[in-house]
Amino acid sequence: MVYKVTLIPGDGIGPEVSQAAVRVIEAAGVKIEWDVQEAGEEVMAKYGTPLPQGVLDSIRRNKVALKGPITTPVGTGFRSVNVAIRKELDLYACVRPAKSYPGVRSRYENIDLVVIRENTEDLYAGVEFAKGGPYTRELIDLIYRSGQKVLDPEHAGFSIKSISEFGTRRIVKFAFDYARQNGRKKVTAVTKANILKFTDGLFFEVARQVAKDYPDIQYEERLVDATFMQLVMRPEEFDVLVLPNLYGDICSDLCAGLVGGLGIAPGANIGEHGAVFEAVHGSAPRYKGQNKVNPTAMILTGVLMLRHLGEKEAADRIERAVAEVIREGRYVTYDFKPRRDDPTAVGTREMTDAIIRKLQEVKAHA
Ligand code: NAD
């Protein structure tokens with residue numbers, strides 16, 4: 001079978017790391033026809049926008065995209081190309097696995113958890129009122145009626161947090177389905193419901209209802225502050241976490257830190273009509289074109305994409321090859337070395353070559 005997948009190389013280090021992922025996927029024998037689409041800062045001059053319509057059309061058509069990081073342009077009216085893609089395609093579920101690989105310098109071993117973040121609601125909806133700005137009469141009345149005299153709209157900004165039943169139901173259902181499909185045992189919903197009763201309280205209420213349809217998966221609710229402490233103290237106790245947007249954002253970076261940082265953190269944004277696979281890291285512009293950065297996060301992102309396509313065997317094989325190269329520690333980039341200036345560190349291309357060699361060895365011994 002030949003899959004058709006949109007490939008967005010991105011900018012900064014994007015083209016280097018996405019090329020690495022493409023090479024490894026092809027070396028694993030999966031046949032993909034790549035529909036290459038340009039987006040990002042460097043296409044502004046050509047198309048007058050960092051996100052040409054053709055990119056969205058291509059993802060809508062192919063339903064699956066592999067995307068390199070894209071720099072957020074300053075002063076174009078675009079908050080972020082990455083956020084715009086998620087919004088336009090309603091990619092409501094952000095999936096970020098955090099897994100320990102022996103050989104990666106980290107404080108912990110045996111972590112294997114997945115953060116599922118709601119991508120569309122909460123404080124990210126962009127409903128904000130600037131200090132001293134044109135507030136509606138209703139908002140001002142509401143603030144004064146709440147008795148919070150300290151919130152004088154002339155001297156305070158406001159961001160509205162909103163959580164809906166619909167948005168919560170679909171993300172929690174997604175988390176349980178993900179748990180089932182990936183042989184996981186437990187889903188932990190995380191909020192600050194003891195304080196934010198109408199929003200986070202609603203999240204728990206709906207999550208509890210959804211959990212009843214999944215008696216085979218354990219469900220628990222935890223408060224975000226206690227959860228983050230427990231994640232630092234006993235991360236191996238967690239399995240699948242599901243969180244509203246803001247807590248999910250913070251949690252996924254925290255969990256990337258638990259297992260060794262951005263160089264190894266893959267991710268996916270998934271909706272009903274499409275899925276965009278992208279590493280957690282950004283375009284790291286100062287490393288652009290230097291053949292220096294770690295391709296692992298993007299290669300593992302490719303692994304997530306292959307699992308989504310149903311190519312489990314190839315995905316498992318690539319993951320084993322990546323793990324083996326990291327464990328051996330010989331052909332790894334600077335960030336996997338004890339010292340950042342270690343002269344034995346290899347470049348992006350050389351680490352990718354080593355992973356491909358390992359894939360071929362695995363194949364030869366199979
Ligand atoms: P960044 O992730 O690009 O880089 C931060 C630092 O992390 C780098 O300086 C580097 O030390 C390290 N790093 C990142 N990727 C690495 C890799 N593959 N291997 C080794 N080290 C790596 O974050 P930033 O500097 O905050 O953002 C740069 C640009 O990227 C901004 O314009 C930002 O908006 C954008 N961004 C895009 C995405 C995306 O496309 N999804 C995500 C985050 C940030």
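In listed order, ligands and their atoms are each counted from 1.
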Q | Pair D57-Q37, side-chain donor/acceptor within less than 3.5 Å | A | no

Q) Heavy-atom contacts under 4.0 Å between T72 and ligand 1: side chain, backbone, both, or neither? A) both

**Q.** Polar atom proximity, K67 to ligand 1 (N or O, under 3.5 Å)
**A.** yes

**Q.** Contact partition for E278 relative to ligand 1, non-hydrogen atoms under 4.0 Å
**A.** side chain

Q) Applying a 4.0 Å heavy-atom criterion (strictly less than), which segment of T71 is in contact with ligand 1: side chain, backbone, both, or neither? A) both

Contacts under 3.5 angstrom, residues 91-103 side chains, donor-acceptor by atom type, not counting sequence neighbours:
residue : atom : partner : partner atom : Å
Y92     : OH   : E272    : OE2          : 3.1
R96     : NH1  : S252    : OG           : 3.2
K99     : NZ   : E319    : OE2          : 2.7
S100    : OG   : N110    : N            : 3.3
S100    : OG   : I111    : N            : 2.8
Y101    : OH   : E319    : OE2          : 2.6

Q: Could you tell me whether F158 and F129 have their ring centroids closer than 6.0 angstrom?
A: no

Q. Short N/O distance, under 3.5 Å, between V17 and ligand 1?
A. no

Q) How would you list, by chain and number, every residue that makes a salt bridge (Lys or Arg N to Asp or Glu O under 4.0 Å) with R23, sequence neighbours excluded? A) D353

**Q.** SB check K186 E237 (cutoff 4.0 Å)
**A.** no

Q: Flag the pair K173 and D213 as a salt bridge only when some basic side-chain nitrogen lies within less than 4.0 angstrom of an acidic carboxylate oxygen.
A: no

Q. Under a 4.0 Å heavy-atom limit, does L262 contact ligand 1 with its side chain, its backbone, both, or neither?
A. side chain

Q) Below 3.5 angstrom, do we get any N/O pair linking G282 and ligand 1? A) yes

Q. Which atoms of ligand 1 have any heavy atom of R286 under 4.0 Å away?
A. 9 (O)

Q) Hey, is K358 close enough to E328 for a salt bridge, meaning N to O under 4.0 Å? A) yes

Q: Pick one of side chain, backbone, both or neither for how M298 approaches ligand 1, counting any non-hydrogen atom pair under 4.0 Å.
A: neither

